[in-house]
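Hydrogens, waters and symmetry mates play no part in the numbers below; they use all other heavy atoms, side chains included. This one's a predicted model, so the numbers in the text were calculated from it and none came from an experiment. One is the number of the first residue; the rest follow in order along the sequence.
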Amino acid sequence: MTAPPKSAKLEKMTTTEPRWVRWVLTTVALLFMLIFLILPLLSVFGEALRKGWDVYVTSLGEPDAISSIKLTLITALIAVPLNLVFGVAAAWCIAKYEFKGKAFLTTLIDLPFSISPVVAGLMYVLVFGANGWLGPWLAKHEIQIIFAVPGIVLATVFVTFPFIARELIPLMQAQGSDEEQAAIVLGASGWQTFWNVTLPNIKWGLVYGVILCNARAMGEFGAVSVVSGHIRGQTNTMPLHVEVLYADYQAAAAFAVASLLALLALVTLVIKSLAEWRAEQQARAAAEAPPERPGQISLATNKTAKAA
């Protein structure tokens with residue numbers, strides 16, 4: 001038997017439904033996206049610019065708006081790296097090792113997905129609030145967690161920490177640990193194995209998880225609303241500032257800040273799409289590459305051996 005030529009393409013998988021069924025399903029999906037996603041998004045930008053560009057720029061240039069933008073970015077810049085470290089460590093532990101309590105740890109990682117963000121905020125109030133478990137001790141040492149930036153960061157970290165870990169765990173489990181074991185046999189240390197073998201294999205999943213984590217951190221409302229205190233110019237993030245403006249009947253300013261949030265979400269979506277496209281390109285290139293000859297060593301393992 002001869003192998004098929006390299007240029008031969010696999011036939012496209014098709015369903016057995018009639019053509020009209022596929023057209024109906026496609027039309028329904030597109031209409032759903034148009035009505036529930038695209039039109040509301042366009043309406044946000046339309047309302048934000050309805051009174052003109054000058055009003056839009058003035059609304060974003062107000063001190064309270066600038067403060068909310070800064071606080072949102074600061075919160076994301078703190079929460080995302082913390083979740084990055086935790087996500088990589090948790091994924092490594094769960095994917096590479098067998099130990100008692102592994103299923104329990106995996107369940108704990110999924111906990112923020114099943115708890116309402118408002119309940120998560122209340123939990124921090126019960127622990128760090130003035131009448132909470134640690135409240136008197138914190139007050140005695142003049143440390144303020146609730147109704148301050150630390151509480152906002154803690155609440156954001158809680159609701160966002162599953163994203164990176166949940167992206168990496170199935171990826172690292174599918175890849176196995178053969179390459180890491182080969183690197184260790186060649187004399188590489190743990191850090192050398194991670195930087196030269198593991199990280200290149202998970203980098204696109206890691207980027208995807210960081211993007212999702214950052215998007216949720218900037219848009220979080222429920223948990224942050226409970227612990228922030230809604231202090232203008234101090235503890236209001238962008239979503240909270242939008243709520244305050246809209247409640248004060250400042251619709252143009254509210255939609256201006258909301259449009260900035262929507263723009264950040266669109267930028268995040270574009271970056272996510274680019275990361276997915278890049279990952280698909282690399283996977284396709286790896287699948288089309290000729291098999292290694294006996295005795296050849298992968299580039300990553302070779303680097304690790306040299307570093308060792």
Working for side chain to side chain contact (heavy atoms under 4.5 Å, CB included), residues Trp137 and Ile143 | CA-CA 9 Å; Trp137 184 87; Ile143 301 174; 4.2 Å; yes
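- Between the side chains of Thr235 and His230, no donor-acceptor pair is found at a separation under 3.5 Å.
- Of all non-hydrogen atoms in Ile35 and Pro40, the two that sit nearest each other are O-CD, 3.3 Å.
- How far CE of Met238 is from CD of Glu243: 14.5 Å, rounded to the nearest 0.5 Å.
- A distance of 11.0 Å separates CG of Leu186 from CD of Gln192, quoted to the nearest 0.5 Å.
- Here the CG-OG distance, from Asn196 to Ser189, works out to 9.0 Å after rounding to the nearest 0.5 Å.
- Linking ILVMFWY residues whenever their side-chain heavy atoms come closer than 4.5 Å, directly or via other members, places Leu25 and Trp20 in the same cluster.
- Between His141 and Pro136 there is no side-chain heavy-atom pair separated by less than 4.5 Å.
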Carefully, step by step, assess Leu240 and Ser225 under the rule side chain to side chain contact (heavy atoms under 4.5 Å, CB included).
-> CA-CA 7 Å; Leu240 300 183; Ser225 177; 3.7 Å; yes
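- Shown here for Ile66 and Gly61, the closest heavy-atom pair between the two residues is CD1-O, 3.4 Å.
- Between the side chain of Lys96 and the backbone N or O of Gly176 there is at least one donor-acceptor pair closer than 3.5 Å.
- Between Ala155 and Ala223, the shortest heavy-atom contact is CB-CB, 3.9 Å.
- By the criterion of side-chain heavy atoms lying less than 4.5 angstrom apart, applied directly or through intervening Ile, Leu, Val, Met, Phe, Trp or Tyr residues, Phe158 is grouped together with Val153 in one hydrophobic cluster.
- For the atom pair Gln181 CD and Thr193 OG1, the distance stands at 10.5 Å (nearest 0.5 Å).
- Enclosure of atom CH2 in Trp195 is not indicated, since only 12 or fewer non-hydrogen atoms of other residues, nucleotides or ligands lie within 6.0 angstrom.
- Hydrophobic clustering, with ILVMFWY side chains joined whenever heavy atoms are under 4.5 angstrom apart, keeps Phe45 apart from Leu264.
- Considering Val85, Leu84, Ile169, Leu212 as possible partners of Ile164, the one that fulfils the side chain to side chain contact (heavy atoms under 4.5 Å, CB included) test is Leu84.
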Show me the donor-acceptor pairs within less than 3.5 Å that the side chains of residues 102-112 make with the rest of the protein, sequence neighbours left out.
{"unit_1": "Lys102", "atom_1": "NZ", "unit_2": "Ile94", "atom_2": "O", "d": "2.7"}
{"unit_1": "Lys102", "atom_1": "NZ", "unit_2": "Tyr97", "atom_2": "O", "d": "3.2"}
{"unit_1": "Lys102", "atom_1": "NZ", "unit_2": "Glu98", "atom_2": "OE2", "d": "3.1"}
{"unit_1": "Thr106", "atom_1": "OG1", "unit_2": "Lys102", "atom_2": "O", "d": "3.0"}
{"unit_1": "Thr107", "atom_1": "OG1", "unit_2": "Ala103", "atom_2": "O", "d": "2.9"}
{"unit_1": "Asp110", "atom_1": "OD1", "unit_2": "Arg166", "atom_2": "NE", "d": "2.9"}
{"unit_1": "Asp110", "atom_1": "OD2", "unit_2": "Arg166", "atom_2": "NH2", "d": "2.9"}

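- In the model, Thr160 has a side-chain atom that pairs as donor or acceptor with a side-chain atom of Asn83 under 3.5 Å.
- Counting heavy atoms from C-beta outward, Met172 and Ile202 have side chains that approach closer than 4.5 Å.
- Note: Ser116 OG to Met123 CE = 9.5 Å, rounded to the nearest 0.5 Å.
- Atom OH of Tyr246 has 12 or fewer neighbouring heavy atoms from other residues, nucleotides or ligands inside a 6.0 Å radius.
- In this structure the side chain of Phe194 never reaches within 4.5 angstrom of the side chain of Glu180, judged on heavy atoms.
- Using a 4.5 Å heavy-atom threshold, the side chains of Leu266 and Leu41 count as touching.
- Between Ala165 and Ala91, the shortest heavy-atom distance links the atoms O-CB, 4.3 Å.
- Crowding of Asp248 atom CG: a count of heavy atoms from other residues, nucleotides or ligands under 6.0 Å exceeding 12.
- In this structure, the side chains of His241 and Arg232 stay at 4.5 Å or more apart for every pair of heavy atoms.
- Counting only distance, with no hydrogens or angles, the side chain of Glu220 and the backbone of Gly222 share a donor-acceptor pair below 3.5 Å.
- In this view, Tyr56 and Ser259 satisfy the side chain to side chain donor-acceptor pair (under 3.5 Å) rule, not counting sequence neighbours.
- The minimum heavy-atom distance between Ile115 and Ala120, with the atom names listed, is CG2-N, 4.1 Å.
- Going from atom CG of Leu171 over to atom CG of Leu206 covers 9.5 Å, rounded to the nearest 0.5 Å.
- Side-chain N/O atoms of Gln234 and Ser67 include no donor and acceptor closer than 3.5 Å.
- Around atom CZ of Phe32, no more than 12 heavy atoms belonging to other residues, nucleotides or ligands sit under 6.0 Å away.
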Could you walk me through whether Gln144 and Leu138 pass the side chain to side chain contact (heavy atoms under 4.5 Å, CB included) check?
-> CA-CA 7 Å; Gln144 187 172 1; Leu138 292 173; over 6 Å; no
Check the pair Val227, Phe147 against side chain to side chain contact (heavy atoms under 4.5 Å, CB included), reporting the backbone distance first and the verdict last.
-> CA-CA 5 Å; Val227 302; Phe147 307 145; 5.8 Å; no
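- Using a 4.5 Å cut-off on side-chain heavy atoms (C-beta onward), Thr237 and Ser228 make no contact.
- Nearest heavy atoms, Gly209 versus Glu167: CA-CG, 3.7 Å.
- Val257 and Phe221 sit in two unconnected hydrophobic clusters of ILVMFWY residues. Membership requires side-chain heavy atoms under 4.5 Å apart, directly or through other members.
- Cluster annotation: Leu154 and Leu77 are assigned to distinct hydrophobic clusters (Ile/Leu/Val/Met/Phe/Trp/Tyr, side-chain heavy-atom contacts under 4.5 Å, transitive).
- Two residues are said to be in side-chain contact when any heavy atoms from C-beta on lie closer than 4.5 Å; Asn236 and Asp64 fail this criterion.
- When side chains are defined from C-beta on, Asn214 does not count as touching Phe163, because their heavy atoms never get closer than 4.5 Å.
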